[in-house]
Amino acid sequence: MLDLKIIRENPDKVQQLLDRRGVGKYDLQPILDLDQKQREIETNRSQLSARSNEIGKLIGQKIRGGSDPKGEEISALKEEGNELKTKLGELEPQEKELKAQIENLLLELPNLPQESTPIGKNEEENVEIHRWGEEYLPSNPNILPHWEIGEKLGILEFSRAVKVAQARFVNLVGAGAALERALINFMLDRQIAAGYVEVMPPLLINTESLTGTGQLPKFAEESFKCQDDDLWLTPTAEVPVVNLYRNEVIEAAKLPIYHCAYTPCFRREAGSYGKDTRGLIRLHQFSKVELVKLVHPDRSETEHQSLLKNAEAILQALQLPYRVIELCTGDIGFSAAKTYDIEVWIPSANTYREISSCSNTFDFQARRAGIRFKEAGKKGTQFVHALNGSGLAVGRTMAAILENYQQTDGRVKVPEVLQPYLKKEII
RNA sequence: GGAGAGGUGGCCGAGUGGUCGAAGGCGCAGCACUGGAAAUGCUGUAACGGGGUAACUCGUUCGAGGGUUCGAAUCCCUCCCUCUCCGCCA
C-alpha cells in the first residue's frame, strides 16, 4: 500500500511513477478527492467530539462537587450532549465510509517502481544483467524434453496425476520423488548455512494474509479458495512467512530477520491456458524454497543484492547455466518496486526460463501488513522493508536437471552436490 | 462440537461507570555517582490520524464490530482468538 500522505503531498511525482507501469492504468484523482472530503469531515467531527468530551467531564465534576444530578444545570448539559450526539451520529458514518473507500482504492494501487527500475512496457524490455555457467551448457544434441525423459525413466507420471486431480498436476515416482526431496533439503541446507532461519508455516492462509502481501483484493482468481472457511491455499510461502509478523512492532535490534521456507505452492494459473501445457514448468501445485527478509530501510538495497546472490548460489552449486535479468516497470509484480529474475537454461526450449524471482517491496507490504519496527530512543515506529525471492522453484530445477544432465544413453546424471542426498550418481 | 476462564502499552501486569491513555514492574533513553563499567538514584518513555514552521493542540484506539449512557477498559449483544476440562481424531 502506498502512503496516503506521500500521495497527498506529491501527487504528480507518484502519478508519474505509476505511469511507468503503464500510462493511464492508475488514476490518483479519486483518492485525492475523497481524502480532501474526509479531512474536512474529520476536522468538523473532532471539534464536536472535543466539546462532547468536555461536557462528559463537566457533568462528572459537577455531580462530584455536589450538584443535583436531576437539577437544571446538569439537564442543560445533558441536552447539549444529546444534540452533539445527534450531529456526530451523522458525521461519523460519513467519515468511516470515506475512509473505507480510500482504503479500498489504495489497496488496488500497485507499488511505485524504484527509480532505478528500467522503464519498459512489457517483458520484452527487461534487461539482462549477466549470464553464468556457459561452460556447463550441455553438448548432447539429442536432449529429450524433461517430461519425455521423465516418463521414460518412470519417475514422472502426468496422466495418472490427471486422473487423481486434473491437468497440470504431476505424480513423482521413485527417484523422481527422491530427487524432489533431495533438492528441497539441499536448498534449505544451503540457505540455512547462509543465515536464514527455516520456518514451516501454515499452507492454508486467511484473506487478511493475502491482502497483507498484495495478492488480494486484485488477484483473487489466482488462488484456490476453500469453500466453507476463510482460507486459501498458499500461492507462495512469501505470504504466510511475511504475515508471521503482521501487526507486530519489532525491536530494531532484532532486524534483519531472514527466513527460508519450503512449502508446496498452489496457483490456479488462470489466464495462462495454452502456455507450458507440458512438463513441470507450470503446474497448479509445485514445491518451492522461499527466502524472505525483513530489514531496516537503510539496508534494503544491499539486502536485495545479497538475496539475489543467495538464490544464484544454488544454481552455481548445481552447475546449471542461468542468466539474471532485471524486470522493467511494465513487468514487475504488483507489490514489487524492483525485481530480478533468474532464468535457468532449458535445452528443449532452447531458452532460459524463470526459476527465481527476487523482489524488493520496500515498505509496500509492510504498510499493508502493519509490520513496523521501533528504534530505541526514537519516537514512533517505521515500516520495515520486506524482500522475497525463490531459492529456488523445485519443479523447474528438476526440469533443468533432467535436461542439462541428460546423457546420450538416456540416463540422467545426478549433480555432484545432490549425490550425498540422493545416494545415487545416475538415474 | 460441549462447559468454564480470559484477551489491557515494546513486554509483564493492575484497573467493574466520570479525576483512566490507563498504577506498578521490565525494557529503552537521558542525567547523577564511577578511572571505566556494574549496581544504585533521579527523570523521561504508547501508537495512529487531523491542524500547526514549531512549541503545541484536537481526535481515535484497552481482541474486532455493534449497543446502552451526558460519559465505557469497566455494563449488554455478536464475532474472532487463547487457556483449562470433556468429546472426536492423525
Side-chain angles (χ1 to χ4, degrees), chain A residues 1-9 31-106 200 202-212 226 228-232 240 243-255 257 294 296 363 366-384:
Chain A
M1 189 155 59
L2 301 182
D3 186 351
L4 181 57
K5 212 183 273 177
I6 290 177
I7 295 179
R8 184 191 300 149
E9 286 166 10
I31 293 179
L32 292 167
D33 293 345
L34 290 169
D35 176 52
Q36 181 157 2
K37 253 191 236 164
Q38 189 275 123
R39 280 186 300 153
E40 276 165 21
I41 290 180
E42 175 165 353
T43 304
N44 196 350
R45 193 221 79 228
S46 69
Q47 282 167 359
L48 297 181
S49 293
R51 176 58 184 161
S52 172
N53 291 341
E54 195 180 3
I55 289 171
K57 274 189 188 147
L58 214 56
I59 291 175
Q61 279 167 15
K62 298 234 182 232
I63 292 177
R64 254 176 298 113
S67 295
D68 176 9
K70 306 257 187 236
E72 237 175 74
E73 195 185 14
I74 302 292
S75 300
L77 284 170
K78 284 193 181 182
E79 181 58 28
E80 190 185 347
N82 277 328
E83 281 168 22
L84 285 170
K85 212 166 92 167
T86 310
K87 286 185 199 158
L88 285 169
E90 289 170 21
L91 288 180
E92 274 170 1
Q94 284 178 35
E95 188 184 352
K96 226 175 184 176
E97 172 61 23
L98 284 168
K99 278 192 163 159
Q101 285 179 19
I102 292 166
E103 171 91 359
N104 288 339
L105 290 175
L106 283 175
M200 262 204 193
L203 304 180
L204 298 189
I205 56 183
N206 57 35
T207 296
E208 214 181 327
S209 293
L210 282 156
T211 306
C226 297
D228 296 330
D229 301 279
D230 176 32
L231 290 170
W232 308 66
N243 276 283
L244 291 174
Y245 296 91
R246 191 172 69 237
N247 296 331
E248 289 195 19
V249 178
I250 301 164
E251 274 176 58
K254 300 241 166 84
L255 297 178
I257 292 171
L294 302 178
H296 192 289
D363 60 359
R367 178 170 281 107
R368 286 179 161 243
I371 308 176
R372 297 172 294 164
F373 71 97
K374 189 172 175 58
E375 284 183 295
K378 261 200 189 171
K379 224 180 147 44
T381 58
Q382 304 172 63
F383 290 109
V384 301

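The figures that follow rest on heavy atoms only: side chains count, while hydrogens, waters and symmetry mates do not.
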Check your understanding: Is the distance from OP1 or OP2 of B/C58 to the nearest side-chain N or O of A/N53 less than 4.0 Å?
Key -> no

Of the candidates B/A47, B/G10, B/G59, the side chain of A/T381 sits closest to B/A47

In 5'-to-3' order, the base (B), backbone-only (S) or no-contact (-) status of each nucleotide in nucleotides 66-73 of chain B, using a 4.0 angstrom heavy-atom cut-off, is S--BBS--

Atom pair distance, as rounded to whole Å: [atom1] in [X] and [atom2] in [N]:
X: A/D229; N: B/C80; atom1: CG; atom2: P; answer: 11 Å
X: A/E92; N: B/U60; atom1: CD; atom2: P; answer: 8 Å
X: A/K374; N: B/C28; atom1: NZ; atom2: P; answer: 13 Å
X: A/R45; N: B/G59; atom1: CZ; atom2: P; answer: 9 Å

- Any salt bridge between A/K57 and A/E54, counting N to O under 4.0 Å? no

Strictly by Watson-Crick or wobble contacts shorter than 3.5 Å, is anything paired with [N], and which nucleotide is it?
N: B/C89; value: none
N: B/A38; value: none
N: B/A54; value: none
N: B/G24; value: B/C12
N: B/U74; value: none
N: B/U82; value: B/A5
N: B/A29; value: B/U43

For A/L88 and A/S52 the tightest heavy-atom approach is CD1-CB, 4.3 Å

**P gap between B/A32 and B/U84, integer Å** = 50 Å

Spacing of the P atoms in B/G15 and B/C42 (rounded, Å): 26 Å

In this structure, CG of A/D363 is separated from CZ of A/R372 (nearest 0.5 Å) by 13.0 Å

Interatomic distance, CG@A/L58 vs CD1@A/I74, rounded to 0.5 Å, equals 8.0 Å

Would you tabulate the pairs of protein nitrogen or oxygen atoms and nucleotide nitrogen or oxygen atoms of nucleotides 49-55 of chain B closer than 3.5 angstrom?
from  : atom 1 : to    : atom 2 : distance (Å)
B/G49 : O2'    : A/E42 : OE1    : 3.3
B/G49 : O2'    : A/E42 : OE2    : 3.4
B/G50 : OP1    : A/R8  : NH1    : 2.7
B/G50 : OP1    : A/R8  : NH2    : 2.9
B/G50 : O4'    : A/E42 : OE2    : 3.2
B/G51 : OP1    : A/R39 : NH1    : 2.6

By salt bridge (Lys or Arg N to Asp or Glu O under 4.0 Å), A/K254 pairs with (sequence neighbours left out) A/E251

With the side chain counted from C-beta on, respond yes when A/N243 and A/I205 share a heavy-atom pair under 4.5 Å apart, and no when they do not. no

A/Q36 CD: over 12 foreign heavy atoms closer than 6.0 Å = no

